[in-house]
Structures are given as C-alpha cells and as structure tokens.
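Naming convention: chains lettered A, B, ... in sequence-line order (proteins, then strands); numbering from 1 in each chain.
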Amino acid sequence: MEIEVKGHSGCSIDIVTENSELYIIKGSENKDYINRLYQQTEKQKQAEKQEYRHIRIPHIYAIKKDNHSIKVKMEYIYSKNFIAYFETSGFEKMEYFITSITTFIEEEIARSKLSTIDTTIVQKKFEDIYKKIKENKFTGKDIEIDSLMKQSKVSFNLLPTQIEIPIGSCHGDLTFSNILFNDTNYYLIDFLDSFIESPLIDMVKIRQDTCYLWSTLMYAGTYDKLRMMILAEKIDTNLNEIFSRYKWYRDYYHTFQIMNFLRIMQYAHEQPIINYLKKVISNLVKI
Amino acid sequence: MSFQLIVPIAADKKEYSNTMPYLFNLNSDGIMLCIKSILGLNLDIFDKIYFTILKKHNDPYYLNEMFNIQFKRTNLLGKAELIILDEPTESQPETIVKSLETAHIHGAFMVKDADSYFTGNIEIGNYICTFPLDALKQVNPQNKSYVTIDDMYYITNIIEKKIISRHFCAGGYIFKDADAFIQEYKKINCKKGIYISHIIYSMLLNKINFRPISVKGYQDWGTEEDWLWLRSNKISK
C-alpha cells in the first residue's frame with residue numbers, strides 16, 4: 001500500500017498505527033507555528049460539530065500543547081489529492097463535487113449573519129500587506145510589484161466606507177490542496193483563521209484554484225494540464241454563476257481576490273511564484 | 001441527415017522528413033493501410049469519405065495518384081476524396097476542424113484513426129468506439145485513451161494514457177454535430193497537446209452525452225513496429 005502524506009512548512013505529519021487503526025499525528029516545535037496549528041485545530045474541531053450534507057471533517061482525537069511543541073492526533077483518511085482525483089473522475093463526479101462545494105458554502109452563508117463592516121478593516125489589512133511586501137527581500141525592490149500595489153490601492157480606495165457581507169463562518173483556506181478526495185466524500189483539512197470570518201473568503205479561496213489554478217503550481221508530478229484547465233474552467237464557471245446570486249459577492253469578490261493574492265505575495269520567495277502572482281494581480285487590477 | 005467520414009493522416013513527424021509515413025504503405029493485400037483502416041465499416045452509411053493528408057507528404061510520393069488507384073480498387077471512386085492541407089497541423093483535432101471547414105461539413109461525422117481496424121455497427125449520434133483491453137493478444141496499454149461507462153451505458157469519463165477501465169478507445173469517434181465539435185475546439189483554445197479525448201471530456205462536462213459502440217475484430221497498427229508485427233504474425237486480413 002502506498003501512502004503519500006505531505007505537510008506544509010512549519011509542521012510535521014506522521015502516520016501512526018494504534019490497535020490496527022491508522023492515525024495522523026500533526027505536530028510542530030516551531031514557536032511561530034504552535035499557536036497557528038492550535039487555532040487551526042480548534043477551528044477544525046468547531047467545524048466538526050456542524051453537520052454538512054456532502055462535506056466531511058476529519059475527527060480530532062487529541063491535542064497536546066505546551067510552550068515548546070504541539071501534537072494533534074486526528075483521523076486518517078484514505079484519499080487522493082486533487083490532481084489524482086480530477087484526472088480519473090468522470091463528469092458525474094465533477095458535478096457532485098461542484099454541488100458539494102456550493103452546498104458547503106451555502107451552509108456557511110446560512111450560519112453567517114449579513115453584517116455591516118467598516119472598510120477601514122480591509123484598508124488596514126491592505127496597508128499591513130503592503131508593508132510586508134516592501135519588507136520581503138524577494139518582492140520589496142520590484143518596481144513592477146510596487147506599481148501593482150499602487151494600482152491595487154485604487155480598488156481598495158474605491159470601496160465604500162461600510163460594506164455589507166456575511167460574517168460568521170468560513171474555512172479560511174478552501175483550496176484544492178486542503179481537500180482530501182475519497183470517492184464522493186470530500187474531507188476538509190487545514191482550517192485557517194481569516195482576518196474576516198466570511199463565506200466570501202471561501203468563495204475567493206476556491207476560485208484561487210478554479211480560476212487561477214494556484215494549487216497546480218505546488219504539484220511536482222506530471223499530469224494532463226489541458227484536462228485540468230478544462231475541468232477547472234467548468235467548475236469555475238458553475239461556481240461563479242451560483243455565487244453571483246449574492247449581491248455582496250458581485251460587489252466585493254474582485255477586491256477581495258486582489259487582497260487574497262497580495263496576501264500570498266507577502267510571503268513569496270520563489271521567482272516562478274512571484275512571476276505568477278504578478279501576472280494574476282496584473283490581470284485583476286485591469287478589470 | 002448527412003453523415004461524413006474523416007480519416008486524418010496529417011501527423012508531421014521528424015522521421016517523415018525523408019521517408020513516407022508508413023500509413024500510406026500497402027498491406028499484404030495491396031491496400032494502403034489508411035484505407036484498410038475503414039474497410040471494416042459499412043461505408044454505405046456515409047455520404048462522403050475524406051482522407052486528410054499534408055501537401056508535404058503528397059507532393060514527393062504522388063499520394064493523390066496512389067489514392068485514386070486505391071479508391072478504384074476499393075469501389076470508393078466518387079465517394080472518397082482527399083483533402084490536402086498546405087501546412088501541417090499541431091494536433092489531430094486541428095486536422096479534423098480544418099477538414100470540417102474545408103469540406104463544409106455541418107452535420108454528423110465520424111473520425112476514424114488510420115492506424116487501427118475494426119468492424120462494428122456505426123450510427124449517427126455521439127459515440128465512441130470501444131474495445132476491451134483484455135481481448136487483445138498484444139497490447140501497448142500506454143498509447144491508448146480509456147473510457148468509463150456507467151450502468152445506463154453512457155460514457156462518464158475519457159482520458160489519455162491512464163487505464164481507468166478495461167474499455168479503450170478503438171480509434172472511432174462519432175459526433176452528431178460538426179458545428180458543436182468546432183465550437184468546443186475553439187473554446188478550449190489550445191493547439192498543442194490537445195486530443196479528441198479533451199474535446200469529448202469538455203462536451204461531457206457540458207452535459208452532452210456519449211455512448212459506447214463496442215466494436216469487433218480490432219487490429220492496431222499505431223506504430224510502424226505494430227504493423228510489422230501484425231504482418232509477420234499474419235493477423236492482418
């Protein structure tokens with residue numbers, strides 16, 4: 001049996017066997033990551049309490065945390081990554097996947113409350129990202145990025161002083177790479193605290209992959225890129241059509257997507273990724 | 001309803017710069033391999049049969065003349081004709097689109113690969129000709145595209161070079177609407193690396209149904225080596 005598990009930077013992932021059962025142990029001794037992983041796990045535990053029609057959340061069995069380390073024991077899921085799943089899935093599974101994701105987000109919307117927020121929160125976040133991009137040695141002196149930042153600022157300045165969006169529930173990092181695919185069961189992992197807990201964030205994050213194929217950049221293996229593009233475009237068209245029922249999505253998706261890619265840019269340190277981000281942001285600010 | 005047959009033979013490979021593509025070779029019965037590839041079909045159902053070739057292959061080897069003699073031998077004179085493309089294409093779908101546009105085809109059509117042979121009952125609709133992998137004596141499973149079929153006998157998936165089921169595409173694809181094919185090709189907007197399977201997969205995602213046609217007597221001469229093997233083993237009819 002071949003089991004492939006990859007962790008993101010900052011934490012280790014081990015598969016352990018106890019009483020013939022497999023478990024995942026996710027851990028970190030990185031001080032910067034301990035609290036982040038703890039918060040992620042707490043968010044996952046909260047999400048686990050909810051009932052979703054198509055989406056599942058791996059069960060958290062135990063959290064061991066002190067000042068020096070954290071260890072989280074969770075359910076092991078037999079699954080495929082998104083590339084392996086999409087490569088071998090027919091149209092009927094793709095339709096099921098689209099339904100599952102949209103139902104999940106609509107359930108989030110139902111649990112959230114349409115709230116008025118002061119856009120200084122968004123503008124402050126933008127200023128914070130701008131500062132970090134300037135401090136990043138890989139992006140700080142890039143004239144092109146600086147120009148994109150100035151163009152992006154226009155989008156944020158155009159926001160009204162207050163905006164109305166649903167606040168209450170979101171995964172926070174709903175990308176293909178944070179979904180485990182097990183036939184027609186989709187398990188969400190790696191929940192993330194967001195600066196605004198809104199389903200709009202999840203709409204933005206999932207379209208980061210369906211529209212901009214972000215997660216494929218992280219995939220080292222070979223795959224049929226054209227098939228992936230066809231598939232992503234189909235999912236994206238459907239999601240965008242469904243999401244567009246909401247006025248707040250139509251009004252603010254674009255600005256929040258710019259913010260999303262700028263947030264990635266602040267930590268970017270590889271030139272191919274920086275080039276990709278410049279291209280995407282450049283296209284977004286033109287709209 | 002009109003029904004046309006297209007046989008694309010416009011692959012431009014490096015090795016063809018000074019040798020004739022082997023699909024224009026004669027089989028042991030004196031029939032060109034590319035013509036042999038369609039002789040298992042009931043050709044009466046087609047209004048016209050088009051063989052699409054490249055000018056750069058036609059000119060040095062007098063293929064036009066060769067085809068005319070072959071059409072005469074196979075009673076296809078008047079029904080079959082050549083489409084000669086001035087420039088090589090980058091993919092089989094591009095060759096098909098150019099053939100459809102050149103011949104002003106708008107209705108149903110079948111694409112038959114020139115490197116395989118089978119018999120089967122072909123009809124108008126959206127179909128993929130399939131054959132079970134386990135029924136082959138010799139097979140290179142990696143150079144084929146595969147389909148999955150649901151309980152209602154609909155194609156649910158098609159993919160290049162990944163064995164997702166025992167049913168592989170035998171080299172025959174039937175489309176009921178040429179305009180829909182062209183539209184899908186243009187929508188995908190990618191010239192290199194595109195296969196018919198990509199176009200069909202995109203159509204499947206857009207709720208256009210395809211069904212399988214299970215064919216018989218499948219022979220594969222996908223490479224010159226395959227053909228030489230078939231010939232030496234006297235399997236080829």
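- Around the CE atom of B:M152, the shell of radius 6.0 Å holds no more than 12 heavy atoms that belong to other residues, nucleotides or ligands.
- Most heavy-atom pairs under 4.5 Å with chain A: of the set B:I188, B:I164, B:V147, B:T148, this distinction falls to B:I188.
- Interface summary for chain B: among A:K225, A:R227, A:M94, the most heavy-atom pairs under 4.5 angstrom belong to A:R227.
- Ranked by heavy-atom pairs under 4.5 Å with chain B, the first of A:I235, A:T237, A:D224, A:N238 is A:D224.
- Considering only heavy atoms from C-beta on, B:Y201 comes within 4.5 Å of A:L231 through its side chain.
- Within a 6.0 Å sphere centred on CD of A:Q50, heavy atoms belonging to other residues, nucleotides or ligands number more than 12.
- The number of heavy atoms from other shown groups lying within 6.0 Å of CG (A:N283) is above 12.
- Note that the CG atom of B:L205 and the CD1 atom of A:I98 stand 7.5 Å from one another [nearest 0.5 Å].
- Between chain A and the residues B:I194, B:I155, B:I159, the most heavy-atom pairs under 4.5 angstrom are made by B:I159.
- With contacts defined as side-chain heavy-atom distances shorter than 4.5 Å, the pair B:D150/A:E92 does not qualify.
- Side-chain contact between B:T156 and A:F91: present, with at least one pair of heavy atoms (C-beta onward) separated by less than 4.5 Å.
- Counting non-hydrogen atoms of other residues, nucleotides and ligands closer than 6.0 Å to CD of B:E87 gives a total of 12 or fewer.
- The environment of CE in A:M229 is sparse: at most 12 heavy-atom neighbours from other residues, nucleotides or ligands sit within 6.0 Å.
- Using a 4.5 Å cut-off between heavy atoms, B:K207 contacts chain A through its side chain alone, with no backbone atom that close.
- Summarising the local packing, CD1 of A:I143 is surrounded by 12 or fewer heavy atoms from other residues, nucleotides or ligands at distances under 6.0 Å.
- The number of heavy-atom neighbours closer than 6.0 Å to NZ of B:K48, taken from other residues, nucleotides and ligands shown, is above 12.
- Annotation for A:E95: atom CD counts as buried by contact number, over 12 foreign heavy atoms lying within 6.0 Å.
- With a threshold of 4.5 angstrom between heavy atoms, A:E87 approaches chain B through its backbone and through its side chain.
- Taking chain A as the reference chain and counting heavy-atom pairs below 4.5 Å, the highest number among B:K162, B:K187, B:E160 is found for B:K162.
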